[in-house]
Number of protein chains: 2
Amino acid sequence: MRGNLFAVAVDLVVLTVRRDQLCVLLVRRGERPFESHWALPGGFVQADEDLGDTAARELVAQTGAATQGAVEGHLEQLAGYAAPDRDPRGRVLSMGYLALLPDIPDPEAGAAFLPVEDVYGLAFDHDRILADGVERARAKLEYTTLAAAFCPPEFTVTDLRRVYEAVWRVEIDPRNFQRKVTSTPGFLLPTSTRVTGGRGRPPQLFRRGPATALHPPMLREPVPAHV
Amino acid sequence: MRGNLFAVAVDLVVLTVRRDQLCVLLVRRGERPFESHWALPGGFVQADEDLGDTAARELVAQTGAATQGAVEGHLEQLAGYAAPDRDPRGRVLSMGYLALLPDIPDPEAGAAFLPVEDVYGLAFDHDRILADGVERARAKLEYTTLAAAFCPPEFTVTDLRRVYEAVWRVEIDPRNFQRKVTSTPGFLLPTSTRVTGGRGRPPQLFRRGPATALHPPMLREPVPAHV
DNA sequence: CCGCTTCTCGTCGGCGTGAGGCTATCGGGT
DNA sequence: ACCCGATAGCCTCACGCCGACGAGAAGCGG
């Protein structure tokens with residue numbers, strides 16, 4: 001068995017929507033290289049771990065998302081990165097993973113959710129991994145029901161619309177959006193409760209339905225690409 | 001830098017359309033493990049190679065596709081596979097790559113293009129990698145112009161339609177298909193030549209245009225899923 | 001009670017697509 | 001020479017989805 005040996009790591013692109021902005025979880029590095037730079041959370045694959053195991057373990061460790069996030073959230077493999085010079089310590093292959101979570105409080109010190117538009121100069125090639133993750137998330141909202149992964153267990157149509165508007169950075173007509181999502185079978189399950197206390201007519205509360213695909217897809221115009 | 005060390009390999013899902021069937025390039029293993037089993041072509045990542053370099057090198061080595069294939073074809077990363085027991089020799093992470101090529105002659109002895117429906121029992125976890133590659137290819141035909149990667153440099157609308165029909169295993173109305181693809185700007189560039197010798201009216205020849213995305217997408221009904 | 005806000009339903013027109021008719025132009029059989 | 005089948009390509013029609021927009025429903029605050 002020829003070929004060089006690699007250390008294999010998993011780096012997470014953990015996205016959420018906070019205050020109508022798409023945010024990514026970053027950690028401040030405490031060691032070299034790139035000491036005190038922002039980086040994606042991640043870690044090395046341990047013995048007897050598959051890649052998804054490592055990703056799930058790191059996700060729980062970094063967010064405490066075992067209770068809330070893992071149920072409503074989403075975790076999928078993104079891509080592999082293995083440029084020979086991507087890590088000055090030696091050959092490291094990193095598998096990017098994409099996680100979508102509802103808005104949760106900032107985790108431990110040294111980690112924070114920051115708006116993706118403000119993020120530059122991450123450690124290693126994490127700018128690239130982040131860009132790939134954001135693009136994947138934007139694309140998946142088109143033809144899947146994954147936008148609900150950004151929402152808490154019960155949410156309104158407006159909550160869901162704000163997710164689309166934050167991720168795509170566009171404005172969507174509330175009336176057409178409502179017709180679209182409520183007429184897709186299995187996307188939204190109505191609950192018997194309504195929200196009170198806000199301004200305007202109290203909205204209906206929904207839960208995620210069993211549908212995963214969106215037929216026909218929700219089309220977006222070419223986005224003002226940036227980040 | 002903790003964590004185990006991995007050998008990193010690249011395995012190729014090389015697809016083509018031959019005689020109206022979606023076919024995959026397989027090689028017969030000459031060594032253990034899985035000696036004399038069919039497997040996806042692949043090899044280990046060498047020093048100073050990035051993953052895409054390895055994939056391109058292996059693709060040329062296995063198909064001689066430097067001339068024809070690399071120009072018209074397509075090569076993209078698929079996913080990473082690293083189950084702890086996927087290779088009995090030790091920990092091996094394999095990056096799957098998907099290649100789409102026009103129909104080319106069978107390469108060296110011990111390698112052949114076989115219809116994907118007939119393929120079972122590949123070495124390692126290559127059945128899974130193949131299934132992922134086929135599903136990716138099917139999905140990408142919906143919203144990209146990649147179907148043309150299966151065609152020679154000049155092709156007819158019917159050639160292109162037969163690609164869709166072979167990959168999706170459906171029948172498509174020739175007249176609506178023609179309207180769709182010829183009305184998409186930048187998909188097909190007409191040439192001044194026509195084909196003679198066949199039955200019926202001589203068709204127009206086209207080349208690939210600069211467009212890569214298909215807006216709106218070419219929708220397919222839920223496929224009779226099966227490899 | 002009135003105005004404002006937000007949610008929800010309805011209407012209208014444009015566009016893309018499925019279904020299908022029709023013509024153009026070849027090869028081959030009689 | 002003529003007809004016929006086959007393929008390519010154009011056109012029409014109906015239906016459904018979607019964008020633009022009007023209007024009612026149902027809460028809150030003055």
Side-chain angles (χ1 to χ4, degrees), chain A residues 20 141-143 145 147 151 154-165 168 170-207 211 213-223, chain B residues 20 141-143 145 147 151 154-165 168 170-207 211 213-223:
Chain A
D20 296 340
L141 291 206
E142 282 193 297
Y143 57 95
T145 62
C151 296
E154 298 201 334
F155 54 93
T156 68
V157 173
T158 298
D159 293 334
L160 192 65
R161 178 169 51 84
R162 292 202 199 284
V163 167
Y164 276 93
E165 293 179 332
W168 286 351
V170 296
E171 289 202 351
I172 301 176
D173 185 286
R175 299 159 290 186
N176 294 332
F177 182 83
Q178 175 124 359
R179 178 182 56 191
K180 172 72 176 177
V181 296
T182 56
S183 69
T184 298
F187 191 0
L188 300 181
L189 299 180
T191 68
S192 52
T193 53
R194 289 175 167 271
V195 175
T196 57
R199 289 173 302 189
R201 174 173 171 175
Q204 172 90 286
L205 274 181
F206 294 89
R207 295 181 170 276
L214 225 51
H215 275 304
M218 180 121 39
L219 294 178
R220 57 168 168 158
E221 305 304 314
V223 191
Chain B
D20 296 340
L141 290 206
E142 282 193 300
Y143 57 95
T145 62
C151 296
E154 299 201 335
F155 54 94
T156 68
V157 173
T158 297
D159 293 335
L160 192 66
R161 178 169 50 84
R162 291 201 200 286
V163 167
Y164 276 92
E165 293 179 333
W168 284 351
V170 296
E171 288 202 352
I172 302 176
D173 185 285
R175 299 158 294 188
N176 293 331
F177 182 83
Q178 175 124 1
R179 177 182 58 191
K180 172 71 175 177
V181 296
T182 56
S183 69
T184 299
F187 191 0
L188 299 182
L189 300 180
T191 68
S192 53
T193 53
R194 287 174 168 271
V195 175
T196 57
R199 289 173 303 189
R201 174 172 170 176
Q204 173 90 293
L205 274 181
F206 294 88
R207 296 181 168 277
L214 226 49
H215 275 307
M218 180 119 41
L219 294 178
R220 56 167 168 158
E221 304 305 314
V223 191

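Every value quoted in this text rests on a predicted model; they were computed, and no experiment measured them. Chain naming here is simple, since letters A, B, ... match the order of the sequence lines and numbering starts at 1 in each.
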Worksheet item: Between T182(A) and dT8(C), is there a side-chain N or O to OP1/OP2 distance below 4.0 Å?
Response: no

Worksheet item: Once you round it to whole Å, what is the distance between P of dT17(C) and CD of E171(B)?
Response: 20 Å

Fill in: I172(B) CD1 - dT17(C) P separation (whole Å)
12 Å

Response to the item:
In whole angstroms, the gap separating P of dG9(D) from CZ of R161(B) amounts to 11 Å

Item to complete: Output, in order, the C-alpha distance, side-chain angles, deciding distance and verdict of side-chain hydrogen bond (donor to acceptor under 3.5 Å, both in side chains) for T158(B) and T156(B).
Response: CA-CA 5 Å; T158(B) 297; T156(B) 68; 4.5 Å; no

Fill in: T145(B) side chain to F187(B) backbone, donor-acceptor under 3.5 Å
no

Discussion item. Assuming nearest nucleotide by heavy-atom distance, tell me which of P202(B) and T156(A) is located more 5' along DNA chain C.
Written reply: T156(A)

Discussion item. Using every non-hydrogen atom in the two residues, find where C151(B) and V163(B) come nearest and quote the distance to one decimal.
Written reply: SG-CG2, 3.9 Å

Practice prompt. Quick one: closest heavy-atom pair of A211(B) and P185(B), and the distance?
Written response: CB-O, 3.6 Å

Worksheet, complete the sentence: In terms of heavy-atom contacts, D20(A) and R162(A) come closest through OD1-CD, 3.3 Å

Worksheet item: How far apart are the closest heavy atoms of L141(B) and L214(B), and which atoms are they?
Response: O-CD2, 4.2 Å

Discussion item. Strictly below 4.0 Å: does R199(B) bring a side-chain N or O up to OP1 or OP2 of dT7(D)?
Written reply: yes

Worksheet, complete the sentence: Q178(B) atom CD is separated from dG18(C) atom P, nearest whole Å, by 15 Å

Item to complete: For nucleotides 15-25 of chain D, just jot down a letter per nucleotide in 5' to 3' order: B, S or -, based on protein non-hydrogen atoms under 4.0 Å.
Response: --SBBBBB-BB

